[in-house]
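Quick notes on the structure that follows.
The residues of the chain are indexed from 1 along the displayed sequence.
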Amino acid sequence: MPNPNAGVVIPETILTRHLGGVVIDSAYKPKRTPLIDLAERVPGWKAVSGIMMLIEQGIGQCTLWTNRVPPKSIISSTVLESYDADQAK
């Protein structure tokens with residue numbers, strides 16, 4: 001369902017590549033931006049939200065700085081739980 005409070009309308013024509021693709025939106029508030037919403041509704045397209053991009057960046061930076069791979073599932077679930085709780089306020 002589109003985010004009615006976003007205030008932005010994105011036409012489906014921007015996602016006309018018949019093979020689909022990946023849409024990455026760096027905005028993380030709201031979680032479901034008009035662009036993410038559109039990509040999730042158009043067949044063949046994969047959407048990556050800003051909060052998921054932020055999590056992946058943090059994991060990548062931690063790996064680079066410490067030379068150790070952090071526990072991705074724990075980090076993801078902890079960040080998303082806190083993020084979702086904050087968004088519910």
Side-chain angles (χ1 to χ4, degrees):
M1 161 175 251
N3 181 349
N5 300 318
V8 177
V9 176
I10 298 178
E12 285 191 27
T13 55
I14 68 165
L15 302 180
T16 57
R17 185 172 180 259
H18 72 279
L19 297 175
V22 178
V23 170
I24 302 172
D25 194 341
S26 59
Y28 56 90
K29 285 188 180 182
K31 188 177 194 177
R32 187 179 184 90
T33 65
L35 183 58
I36 293 298
D37 174 66
L38 178 61
E40 289 177 345
R41 290 186 289 118
V42 176
W45 287 85
K46 169 77 175 147
V48 179
S49 67
I51 191 65
M52 293 310 298
M53 186 174 87
L54 189 63
I55 290 169
E56 291 293 336
Q57 286 175 334
I59 291 169
Q61 289 168 355
C62 183
T63 302
L64 286 172
W65 294 338
T66 65
N67 205 29
R68 298 175 76 188
V69 179
K72 184 176 179 177
S73 62
I74 294 171
I75 291 172
S76 295
S77 63
T78 302
V79 169
L80 289 172
E81 182 179 310
S82 178
Y83 178 86
D84 289 340
D86 184 58
Q87 294 300 295
K89 292 180 183 177

Minimal heavy-atom distance between S76 and I59, with the atoms involved, is OG-CD1, 4.5 Å
Quick check: closest heavy atoms across Q87 and P30, and the distance to 0.1 Å? OE1-CA, 4.5 Å
Say whether V42 and I24 are linked into one hydrophobic cluster, either directly or through other cluster members, by side-chain heavy-atom distances under 4.5 angstrom. no
Please tell me if the side chains of V79 and L54 come closer than 4.5 Å, counting only heavy atoms from C-beta onward. no
Tell me whether V48 is reachable from I51 by hopping between hydrophobic residues (I, L, V, M, F, W, Y) whose side-chain heavy atoms are closer than 4.5 Å. yes
Apply the test side chain to side chain contact (heavy atoms under 4.5 Å, CB included) to residues I10 and D37: give CA-CA distance (whole Å), side-chain angles for both, the deciding distance (0.1 Å), then the verdict. CA-CA 9 Å; I10 298 178; D37 174 66; over 6 Å; no
Check: S77 side chain, S73 main-chain N or O, donor-acceptor pair, under 3.5 Å: yes
M52-I74 co-clustered via ILVMFWY side chain contacts under 4.5 Å: no
When rounded to the nearest 0.5 angstrom, what distance separates OG in S49 from CD1 in I55? 7.5 Å
Decide yes or no for L80 and K31: does some side-chain heavy atom of the first lie under 4.5 Å from some side-chain heavy atom of the second? yes
Side chain to side chain contact (heavy atoms under 4.5 Å, CB included) for K72 and T63? Distances and angles first, verdict last. CA-CA 11 Å; K72 184 176 179 177; T63 302; over 6 Å; no
Is it the case that more than 12 heavy atoms not belonging to Y28 sit under 6.0 Å from its OH atom? no
N67 CG: over 12 foreign heavy atoms closer than 6.0 Å: no
Working to the nearest 0.5 Å, report the span between CD of E81 and CG of D86. 12.5 Å
Minimum heavy-atom distance V23-I36, with the two atoms named: O-CD1, 4.3 Å
